[in-house]
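In what follows, a single structure is set out as structure tokens and then discussed.
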Amino acid sequence: MDYSQLIGKIAADKENKKLGRVNRIENLPGKTIKKTVPYAMIVVRKFLQKSVVVPIIAEKVTKVEGTYVWFDITKSEFTEELKRIGKILAEREIYTGTHSTPRDRSLTTYGYDHSRTSSKNKERRK
């Protein structure tokens, strides 16, 4: 099947519940095999939240009609996958690194006023 015709269509589950819109088709590595498998990337947009892209195996397509695509998946399975990807994205956004300062400050000009025009120097001179 030519999966490029799925792009731009609205994805729905077994019970005709809307999942999102198919944004693109990507070849990603499969879960159990080492070969690449085509995945439909479904964009889920929610009000006042960032949009999340959820990959679903393109072979799970059961029917394509008009502007809709039906997948052999339930809404609960889709929401579990959505939560899993949301956690991954939240972990990536948190920066856990530390800012390092130079150990020997005499080698750098960090925090040193060469022109001596800062407010502290002016108060000392008076």
Side-chain angles (χ1 to χ4, degrees):
M1 178 180 185
D2 184 25
Y3 295 117
S4 64
Q5 67 181 354
L6 303 178
I7 298 173
K9 299 191 184 238
I10 298 170
D13 67 344
K14 289 179 183 178
E15 292 112 22
N16 297 329
K17 293 181 182 174
K18 182 181 174 183
L19 302 176
R21 185 173 292 274
V22 179
N23 189 20
R24 62 185 182 270
I25 304 294
E26 284 190 9
N27 289 327
L28 300 174
K31 292 184 178 180
T32 57
I33 57 175
K34 301 290 182 181
K35 293 182 181 179
T36 58
V37 179
Y39 279 82
M41 307 303 270
I42 298 176
V43 178
V44 179
R45 291 187 175 101
K46 292 189 178 181
F47 184 66
L48 295 177
Q49 292 181 359
K50 289 186 177 180
S51 58
V52 179
V53 179
V54 180
I56 294 182
I57 298 175
E59 295 170 356
K60 291 188 176 185
V61 172
T62 57
K63 182 170 68 169
V64 178
E65 278 186 18
T67 60
Y68 284 90
V69 177
W70 284 268
F71 287 93
D72 188 26
I73 192 171
T74 61
K75 182 75 172 180
S76 61
E77 292 173 357
F78 185 77
T79 54
E80 287 176 14
E81 187 71 16
L82 182 65
K83 287 179 185 176
R84 185 184 69 82
I85 291 174
K87 287 180 184 177
I88 291 171
L89 292 176
E91 287 177 4
R92 288 182 184 171
E93 286 183 1
I94 297 171
Y95 178 70
T96 58
T98 58
H99 295 284
S100 62
T101 57
R103 292 181 186 228
D104 187 10
R105 292 191 183 244
S106 63
L107 298 176
T108 62
T109 58
Y110 180 77
Y112 181 72
D113 187 16
H114 289 288
S115 62
R116 297 183 180 255
T117 57
S118 68
S119 61
K120 290 181 181 179
N121 287 329
K122 289 178 184 176
E123 289 176 5
R124 289 181 196 149
R125 283 188 223 152
K126 290 181 182 178

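The structure displayed is predicted, hence computed values, not measured ones.
- In the hydrophobic clustering of ILVMFWY residues, with side-chain heavy atoms under 4.5 Å counting as a link, Val22 and Ile85 come out together.
- Using a 4.5 Å cut-off on side-chain heavy atoms (C-beta onward), Ile7 and Asn23 make no contact.
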Steps toward side-chain contact (heavy atoms from CB on, under 4.5 Å) verdict (Asn16, Trp70): CA-CA 7 Å; Asn16 297 329; Trp70 284 268; 2.6 Å; yes

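- How far NZ of Lys60 is from CZ of Phe71: 10.0 Å, rounded to the nearest 0.5 Å.
- A donor-acceptor distance shorter than 3.5 angstrom exists from the side chain of Arg21 to the backbone of Gly8, with no hydrogens or angles considered.
- To the nearest 0.5 Å, the span separating CD1 on Ile73 from OG1 on Thr62 amounts to 11.5 Å.
- Between Lys9 and Val64, the closest side-chain pair of non-hydrogen atoms falls below 4.5 Å.
- For Lys34, the side chain to side chain contact (heavy atoms under 4.5 Å, CB included) criterion is met by no residue, not counting sequence neighbours.
- Residues Thr36 and Leu28 fail the side-chain proximity criterion, which asks for heavy atoms closer than 4.5 Å.
- Within the structure, the side-chain hydrogen bond (donor to acceptor under 3.5 Å, both in side chains) test picks out the following pairs touching residues 75-86 (sequence neighbours left out): Thr74-Ser76, Glu81-Arg84.
- Proximity of Val54 to Phe78: side-chain heavy atoms (C-beta onward) are separated by under 4.5 Å at one or more points.
- Residues satisfying the salt bridge (charged side-chain N to carboxylate O under 4.0 Å, His left out) criterion with Lys14, sequence neighbours excluded, are Asp72.
- Counting heavy atoms from C-beta outward, Val44 and Leu19 have side chains that stay 4.5 Å or more apart.
- Pairs engaging residues 40-54 under the side-chain hydrogen bond (donor to acceptor under 3.5 Å, both in side chains) rule: Lys50-Glu93 [sequence neighbours left out].
- The side chain to side chain contact (heavy atoms under 4.5 Å, CB included) test applied to Tyr3 returns Met1, Leu6, Ile25, Pro38, Ala58, Glu59, not counting sequence neighbours.
- With Val52 as reference, Leu82 is the one residue of Ile42, Ile88, Leu82 to meet the side chain to side chain contact (heavy atoms under 4.5 Å, CB included) rule.
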